[in-house]
Amino acid sequence: MLGAVFRIKPNAYHQISTCSFSASWKEGYSWEDHGADTGENLEAVEYENEQYRLHIGTQEKPLIMRKRNQGDMIPKFLALNSDFEKYSFILHSDQGVEVPMIQMDSREICQVHFLIAWKRKIEGDISTWLAVDQPTKEILKEEDIW
């Protein structure tokens with residue numbers, strides 16, 4: 001399993017108008033099949049070929065909004081009001097996953113994580129999905145950073 005936690009904060013007295021966090025494949029690589037595999041606070045995408053199954057996971061949209069409302073490292077300007085915004089906020093394709101953010105004030109911190117897990121493909125095995133279903137706090141605790 002691989003993981004990354006990204007945390008950014010604008011310089012004092014400055015704003016960031018937009019930014020984007022992503023996990024993507026090396027150019028030219030593609031999987032035979034991919035699709036959303038989301039639920040239980042997890043936004044995940046499953047990728048498969050003949051030999052392997054792989055999941056990329058991050059926080060699900062409702063959890064991101066709860067964190068924003070609690071002032072927990074999600075910019076206050078993030079507003080997912082319409083159904084379109086709610087269901088198309090986290091982008092995924094055959095090339096990877098992207099979490100776009102909008103305006104951030106200099107007093108705000110934005111934190112997003114990705115986890116990637118893979119193994120040989122076994123029908124009905126959900127272990128890669130379970131492996132990427134972790135909150136940021138647990139990822140950081142595992143590395144003695146929290």
Side-chain angles (χ1 to χ4, degrees), residues 1-10 16-105 107-146:
M1 181 167 67
L2 294 172
V5 177
F6 299 96
R7 187 182 290 173
I8 64 170
K9 181 179 180 182
I16 294 176
S17 58
T18 61
C19 70
S20 182
F21 303 89
S22 64
S24 59
W25 308 118
K26 184 177 178 178
E27 192 171 322
Y29 190 84
S30 64
W31 291 85
E32 293 172 5
D33 193 21
H34 76 283
D37 198 2
T38 298
E40 300 182 29
N41 293 325
L42 174 67
E43 181 79 23
V45 182
E46 179 182 74
Y47 296 88
E48 292 184 347
N49 62 24
E50 286 183 23
Q51 296 180 356
Y52 292 96
R53 174 176 292 126
L54 179 144
H55 275 87
I56 297 178
T58 191
Q59 301 164 98
E60 193 176 32
K61 294 164 271 226
L63 177 59
I64 289 173
M65 293 309 293
R66 279 196 305 272
K67 291 178 77 168
R68 184 211 62 182
N69 294 341
Q70 296 167 352
D72 187 10
M73 296 194 212
I74 297 295
K76 67 180 181 232
F77 284 104
L78 180 64
L80 305 178
N81 299 319
S82 71
D83 283 345
F84 176 78
E85 290 171 316
K86 288 176 187 171
Y87 296 108
S88 64
F89 170 62
I90 298 174
L91 309 170
H92 50 83
S93 70
D94 62 339
Q95 295 301 305
V97 179
E98 179 180 0
V99 181
M101 285 292 161
I102 57 169
Q103 183 176 330
M104 289 178 53
D105 285 338
R107 299 173 307 278
E108 294 182 301
I109 296 172
C110 183
Q111 179 173 279
V112 173
H113 77 262
F114 295 102
L115 287 172
I116 303 170
W118 66 95
K119 69 183 291 185
R120 287 212 175 269
K121 189 173 167 181
I122 299 170
E123 196 62 38
D125 182 2
I126 63 168
S127 61
T128 54
W129 187 88
L130 294 171
V132 300
D133 187 17
Q134 295 184 46
T136 307
K137 185 176 181 178
E138 293 303 314
I139 299 165
L140 296 174
K141 275 185 179 179
E142 189 74 26
E143 298 299 320
D144 291 327
I145 299 172
W146 190 260

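FYI, the numbering just counts along the sequence from 1. Computed from a predicted structure; not experimentally measured.
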Under 4.5 Å between any side-chain heavy atoms of [X] and [Y], yes or no?
X	Y	value
Ile74	Asp72	no
Met101	Phe89	yes
Glu32	Glu48	no

Answer yes or no: does atom CD of Glu40 have more than 12 heavy-atom neighbours from other residues, nucleotides or ligands under 6.0 Å? no
Non-hydrogen atoms of [X] and [Y] that approach each other most closely:
X	Y	answer
His55	Val132	O-CG1, 3.6 Å
Leu42	Thr38	O-CG2, 3.0 Å
Trp129	Asp37	NE1-O, 2.8 Å
Ser127	Lys119	OG-CD, 3.1 Å

Let me see the working for Lys121 and Glu50 under salt bridge (Lys or Arg N to Asp or Glu O under 4.0 Å), right down to the final yes or no. CA-CA 8 Å; Lys121 189 173 167 181; Glu50 286 183 23; over 6 Å; no
Asp105/Lys76 ion pair, N-O < 4.0 Å: yes
Roughly how far, to the nearest 0.5 Å, is the [atom2] atom of [Y] from the [atom1] atom of [X]?
X	Y	atom1	atom2	answer
Gln111	Lys137	CD	NZ	11.5 Å
Met73	Ile8	CE	CD1	12.5 Å
Met1	Ile139	CE	CD1	7.5 Å
Arg68	Leu63	CZ	CG	12.5 Å
Leu91	Glu98	CG	CD	5.0 Å
Phe21	Thr58	CZ	OG1	9.5 Å

Sub-3.5 Å donor-acceptor pair from the side chain of [X] to the main-chain atoms of [Y], do we have one?
X	Y	result
Glu60	Asn41	yes
Arg53	Ile122	yes
Ser22	Val97	no
His113	Gln134	yes

In terms of the angle between their ring planes, are His34 and Tyr47 parallel, tilted or perpendicular, with boundaries placed at 30° and 60°? parallel
Measure up the Phe114 and Phe6 rings against each other and bin them: parallel (under 30°), tilted (30 to 60°), perpendicular (over 60°). perpendicular
Are Ile90 and Ile64 close enough, and set up right, to give a side chain to side chain contact (heavy atoms under 4.5 Å, CB included), and what steps lead you there? CA-CA 10 Å; Ile90 298 174; Ile64 289 173; 3.9 Å; yes
